[in-house]
Number of protein chains: 2
Amino acid sequence: MTEINLSTEEKIKAAARTIFHKKGYAGTRTRDIAEEAGINLALLNYYFRSKEKLFGIIMTETMTAFFQNLTVILNDEKSSLDQKVEQIASGYIDLISREPAIPTFIMSEIRNNPAGLLEKLPFKKLLTQSVFLKQFNTAVQEGRISEPSPIQFLMNLIGLIVFPFIAKPLLKAIGDLDETQFQNLMQQRKKLIPQWISDMTKA
Amino acid sequence: MTEINLSTEEKIKAAARTIFHKKGYAGTRTRDIAEEAGINLALLNYYFRSKEKLFGIIMTETMTAFFQNLTVILNDEKSSLDQKVEQIASGYIDLISREPAIPTFIMSEIRNNPAGLLEKLPFKKLLTQSVFLKQFNTAVQEGRISEPSPIQFLMNLIGLIVFPFIAKPLLKAIGDLDETQFQNLMQQRKKLIPQWISDMTKA
DNA sequence: GTCTATAGGGGGATAGAC
DNA sequence: GTCTATCCCCCTATAGAC
């Protein structure tokens, strides 16, 4: 992470990402972003016009980046269903371990669907036009898996991956875990989740 | 819901619950709470001194109420492990269907652990001193279930229940679901989740 | 492009009449 | 207890010098 020698615009965006991700839109003050970026408050408005516009950029970029991996993996012609599950579990556990604030950020800020973001991004295509869906339906027809619906399947997979990170403060308290122990559990889940998903869908 | 004939104090608390749950602490304006309660802004401070104090009350009550069921079920001497799973799934899917804003509210607002709330509430006892834990360990020893740890088991159970509600706007977009279809999927999960949990833990 | 200074408005909290 | 009016701080955004 070379946070030095970035353009001013990139420094502001990087700082905005950090603060917005941690505190959400309403909880963030533009002054905090400016301070984090090591620049003056006026520069923020010079480059991005307003807090709202800057947030819109960060939000869109964050969502796009976060679902990029998923889209690519779900549409890989060469990998099997099982391999897709493994790649998604492993890839997202690593990604969220590096950027732990993102899931809660997305879930919180999507609540009131700001600026119709859900309509702007290609969410409908994500499942309906995917190689994954074809493979899933084929596997059901051939009796290899028994699952009520692909959306339930996806809910379970993503939920098993993402939920522990969203509920991390609670789970650390309930399980009396320190940060290292929590991370170890998450690493174990890279292998466990594919097994569980397989067990859940065995015909 | 008799929202009429409540005491003024209760009207304010009810309004505060609604707004805080939907918008979070930072996104809520005390003026909105006053309007929702049908009273004047000054009365809010008369009864609760400050926005922060009012929020603390709502937060504590919300968390306590939300984990009440779980605590009771996990400590029932008479029910088996399987029965506990069924009761938790069924109870929480109904509860969250009635109060859909609560999970995201808790996950968002717990981020910075306001006022050490996690230490104040009895989360450590929730698992460590539970009948559930004894039953779980016994089942592992007797070879009836194979599961890395009780905390993983709880993560999975709670995650399978709660995550779809947290990710609801995304899942509705991805699956092209309307509200009724989404609710139907959640109702199906009352029966599916206990089956899945059973499949995942079969030795 | 980057800064200082400040305008402008919103929101939490209070004073004081009733 | 409940209201109206108002204070005052904080935050976003801009003007204008360099």
Side-chain angles (χ1 to χ4, degrees), chain A residues 2-62 101 105 108-109 111-112 114-115 117, chain B residues 2-62 101 105 108-109 111-112 114-115 117:
Chain A
T2 61
E3 298 193 1
I4 246 163
N5 281 344
L6 292 175
S7 73
T8 300
E9 190 171 343
E10 281 302 326
K11 275 196 293 187
I12 296 173
K13 276 177 62 175
R17 254 189 298 275
T18 304
I19 311 283
F20 278 139
H21 284 181
K22 198 152 83 184
K23 302 192 172 183
Y25 178 78
T28 292
R29 294 174 304 165
T30 51
R31 281 170 161 80
D32 292 338
I33 297 176
E35 189 186 1
E36 173 82 15
I39 53 96
N40 189 276
L41 173 59
L43 270 184
L44 188 151
N45 289 75
Y46 174 78
Y47 279 102
F48 297 99
R49 297 271 305 166
S50 73
K51 177 187 178 183
E52 199 174 354
K53 285 208 167 47
L54 176 55
F55 179 79
I57 293 170
I58 299 300
M59 185 76 184
T60 304
E61 286 189 5
T62 300
F105 170 76
S108 306
E109 301 300 323
R111 269 187 288 195
N112 292 330
L117 195 64
Chain B
T2 59
E3 298 195 0
I4 245 163
N5 280 347
L6 291 176
S7 73
T8 300
E9 189 171 343
E10 281 302 323
K11 276 196 293 189
I12 297 173
K13 276 176 63 174
R17 255 190 297 275
T18 303
I19 310 284
F20 278 138
H21 285 181
K22 198 152 80 185
K23 304 193 172 182
Y25 178 77
T28 292
R29 295 175 304 165
T30 52
R31 283 171 162 78
D32 292 337
I33 298 177
E35 190 186 359
E36 172 83 14
I39 53 95
N40 189 276
L41 172 59
L43 269 185
L44 189 151
N45 288 78
Y46 174 77
Y47 279 101
F48 297 98
R49 295 275 303 166
S50 75
K51 177 187 179 183
E52 200 175 353
K53 284 207 167 48
L54 176 54
F55 178 79
I57 292 169
I58 300 298
M59 184 76 184
T60 304
E61 287 189 3
T62 300
F105 169 76
S108 306
E109 300 299 325
R111 270 189 286 196
N112 292 329
L117 195 64

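Note on naming: letters A, B, ... go to the chains in the order of the sequence lines (proteins, then strands), and numbering restarts at 1 for each one.
Atom CD of A:Glu35 and atom C1' of D:dC11 are 15 Å apart (whole Å). Between the P atom of C:dG1 and the CZ atom of A:Phe48 lies a distance of 12 Å, rounded to the nearest Å. For the pair B:Tyr47 OH and C:dA13 C1', the interatomic distance rounds to 17 Å; values are reported in whole Å. If you measure from atom CG of B:Leu54 to atom P of C:dG11, you get 17 Å, rounded to the nearest angstrom. In this structure, the CD1 atom of B:Ile39 is 14 Å from the C1' atom of C:dA13, given to the nearest Å. Between the CZ atom of B:Arg31 and the P atom of D:dC3 there is a distance of 15 Å, rounded to whole Å. Atom CG in B:Leu44 sits roughly 14 Å away from atom C1' in D:dC3 (whole-Å rounding). When rounded to the nearest whole Å, the span between CD of A:Glu9 and P of C:dT2 equals 10 Å.
At least one test fails for A:Lys23 against the ring of A:Phe105: distance under 6.0 Å to the centre or angle within 45° of the axis.
Counting only heavy atoms from C-beta on, B:Ser50 has its side chain closest to C:dA13 among D:dC3, C:dC3, C:dA13.
When atom types are taken as modelled, the side chain of B:Glu109 and the backbone of B:Tyr25 share a donor-acceptor pair closer than 3.5 angstrom. Side chain of B:Glu9 to main chain of B:Tyr47: no donor-acceptor pair is present (N/O by atom type, distance under 3.5 Å, no hydrogens or angles).
The side chain of A:Thr8 contributes an N or O atom lying less than 4.0 Å from OP1 or OP2 of C:dT2.
Within the nucleic acid shown, B:Arg29 comes within 4.0 Å of sugar-phosphate atoms alone, with no base atom in reach, counting heavy atoms only. Contact annotation for A:Thr28: backbone-only contact, meaning every heavy-atom pair under 4.0 Å involves sugar-phosphate atoms and none involves a base.
At a threshold of 4.5 Å between non-hydrogen side-chain atoms, the residues B:Ile33 and B:Leu54 count as touching.
Heavy-atom neighbours of A:Glu35 CD from other residues, nucleotides or ligands within 6.0 Å: at or below the threshold of 12. Taking a 6.0 Å sphere around CD of A:Glu61, one finds it holds more than 12 heavy atoms contributed by other residues, nucleotides or ligands.
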If you restrict it to nitrogen or oxygen atoms, what contacts under 3.5 Å exist between nucleotides 14-18 of chain C and the protein, and what is each distance?
none

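B:Lys11 and B:Ala37 get closest at one heavy-atom pair: O-CB, 3.7 Å.
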